[in-house]
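One-based numbering, in listed order, for ligands and for the atoms of each.
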Amino acid sequence: EPVQARGMDIFGTLQSFQAVKDPETGTHYLFDGTRSEGVHTFKANRMPENAFIILSALLGMTGFEVESRNNFFYDPSAVSAHVNAGKVYDYYNKVHGRDSLDGEGMKLVSTVHIGSKWNNAAWNGKQMLYGDGDGTRMISLSGGLDVIGHEMTHGVITNTADLIYENESGAINESIADILGAFAENKTGEDLWLLGEDIWTPNTPGDGLRSMSDPASVYIGGYTESGYYPDHYSKRYVGELDKGGVHINSSINNKAAHLITDGGTHYGVSVTGIGKTKAEKIFYRALTHYLAASSDFSQMRQAAIQAAKDLHPDQNGQPSAEVKAVIAAYDAVGVN
Ligand SMILES: O=C(O)[C@H](CCc1ccccc1)CC1(C(=O)N[C@@H](Cc2c[nH]c3ccccc23)C(=O)O)CCCC1
Ligand SMILES: [Zn+2]
């Protein structure tokens, strides 16, 4: 039966959350039945990540139940994954009226301790998977609410536009995952626009894997001419690596989202921001009503403009401020 359980998350904060207790054996499971078909969190057995990603996708392998004693769970990575998955479920349910990743309350499954010191996380088409990080470049990725939001948004994308995960459609896939992952985390200031700031380089504050507000401030190495993430369509990566730059060119659309939300002047184009509450609904509507599997950057622009028009119609023949902000933002990042 359902019980209120507790445990420390990876930051040493005591968390209280839903679990279940098997009345016969008294064993507890990290299963939260209060959110539709539930949130179930497992641990892996250090199996190499590529094997686990494939076997869990093909065979539905999820790893092992996380052990507990006297209603207390002693696995911080699992506690973080469990609590954060619940938070992202609530974000989609409360803000977008969506019941889980498929809109029909599907169970949310996460597995932590994937691989050994794995500096990454993934959505394998069925569930979320989190590495522990090597402790220097990254710590347990399940501690990053925006990272969990990112992975779960891949689940939403799979069940909606299902954007093909390569080249421009893959970059839009990545960008929507970054944007709605950041909005699910709902931080303020610069931290809203950094991805994975809580789990990236624990010894260096104020940095993240990617920056949506200033993509070109983050070094990416030899992929691009500048060595930094692109913040304009003319600077996009056109090589083969990273499935045609899905984690690189996402920054171009991320910057558009930042400008739509907070405003700013970018390459001489000024945008008046419309705020997070309006921006998140425009991107969610674009994803669920207008984007398709092969949508490219130009179609992303059209989808965002149309979604903005639906939500903020023209007034006496004039585009609304929201529509104007979307148009200006895509002009600013060079997407026509
Ligand atoms: O979901 C995704 O897009 C990424 C999934 C990567 C993956 C794909 C296929 C099999 C295994 C793993 C995971 C994340 C990601 O963006 N990974 C990037 C960046 C990255 C992760 N770890 C790194 C360590 C060093 C440098 C870059 C990275 C990547 O894999 O490229 C998303 C949020 C944070 C981790
Ligand atoms: Zn991703």
Side-chain angles (χ1 to χ4, degrees), residues 44 47-58 77 80-81 84-85 88 101 110-112 114-158 161-185 193-202 204 207-212 215 218-224 227-230 237 239-251 253-254 257 287:
M47 179 189 285
E49 62 272 9
N50 291 334
F52 200 100
I53 288 168
I54 292 166
L55 289 175
S56 57
L58 287 186
S77 298
S80 287
N84 285 336
V88 176
L101 308 183
S110 308
T111 306
V112 295
I114 302 287
S116 172
K117 297 182 187 298
W118 187 39
N119 279 328
N120 223 331
W123 162 259
N124 71 355
K126 291 246 184 65
Q127 68 159 95
M128 292 79 80
L129 302 142
Y130 301 103
D132 293 334
D134 60 14
T136 307
R137 188 186 276 255
M138 286 179 152
I139 58 177
S140 184
L141 281 88
S142 63
L145 181 52
D146 52 0
V147 171
I148 293 200
H150 179 110
E151 299 311 342
M152 288 175 67
T153 300
H154 277 312
V156 173
I157 293 168
T158 303
D162 201 12
L163 287 147
I164 298 161
Y165 201 62
E166 62 181 13
N167 304 323
E168 292 205 6
S169 55
I172 298 301
N173 187 323
E174 268 303 299
S175 174
I176 297 288
D178 278 354
I179 294 165
L180 293 177
F183 286 162
E185 184 182 50
W193 302 111
L194 281 173
L195 183 80
E197 70 281 354
D198 291 339
I199 52 95
W200 181 254
T201 61
T204 313
D207 64 350
L209 273 94
R210 296 188 276 276
S211 165
M212 300 169 72
V218 179
Y219 182 70
I220 189 168
Y223 292 94
T224 58
Y228 292 87
Y229 281 91
Y237 171 74
E240 303 292 301
L241 300 172
D242 186 34
K243 295 185 188 308
V246 300
H247 293 100
I248 301 167
N249 295 329
S250 52
S251 287
N253 196 57
N254 288 353
L287 171 66

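- Residue Arg210 has at least one N or O atom closer than 3.5 Å to an N or O atom of ligand 1.
- Considering backbone and side-chain atoms alike, His150 places an N or O below 3.5 Å from some N or O of ligand 1.
- Within the 4.0 Å cut-off (strictly below), a protein heavy atom is located near atom 14 (C) of ligand 1.
- Among protein heavy atoms, atom 9 (C) of ligand 1 sits closest to Ala122 CB, 5.0 Å.
- At least one heavy atom of Tyr165 lies less than 4.0 angstrom from ligand 1.
- Looking only at protein heavy atoms, the nearest one to atom 34 (C) of ligand 1 is Leu209 CD2, 3.9 Å.
- Residue, atom and distance of the protein heavy atom nearest to atom 5 (C) of ligand 1 are Ala121 O, 3.1 Å.
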| Do His154 and Tyr165 pass the ring-ring contact (aromatic ring centres under 6.0 Å, His included) test, and can you show the C-alpha distance, the side-chain angles, and the key distance before you say yes or no? | CA-CA 10 Å; His154 277 312; Tyr165 201 62; 5.7 Å; yes
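- As for His150, its N/O/S atom nearest the Zn ion (ligand 2) is the one called NE2.
- Remark: ligand 1 and Asn120 share an N or O pair separated by less than 3.5 Å (distance only, no angle test).
- With a 4.0 Å cut-off on non-hydrogen atoms, Val246 does not touch ligand 1 at all.
- Across His154, Glu151, Glu174, heavy-atom proximity to atom 32 (C) of ligand 1 is greatest for Glu151.
- Looking at atom 10 (C) of ligand 1, its nearest protein heavy atom turns out to be Ile53 CD1, 4.0 Å.
- Neither the backbone nor the side chain of Tyr130 has any atom closer than 4.0 Å to an atom of ligand 1 (non-hydrogen atoms only).
- The option with the heavy atom closest to atom 2 (C) of ligand 1, from among His247, Met138, Lys243, Glu49, is His247.
- Leu129 places a side-chain heavy atom less than 4.5 Å from the side chain of Ser56.
- In terms of protein heavy-atom proximity, atom 25 (C) of ligand 1 is nearest to Arg137 NH1, 3.0 Å.
- Every N/O-N/O distance between Trp200 and ligand 1 stays at or above 3.5 Å.
- Regarding atom 22 (N) of ligand 1, its nearest protein heavy-atom neighbour is Asn119 O, 2.7 Å.
- Residue-level check: among N/O/S atoms of Glu174, OE2 sits closest to the Zn ion (ligand 2).
- There is no protein heavy atom closer than 4.0 angstrom to atom 27 (C) of ligand 1.
- Here His154 meets the criterion, with an N, O or S atom under 2.8 Å of the Zn ion (ligand 2).
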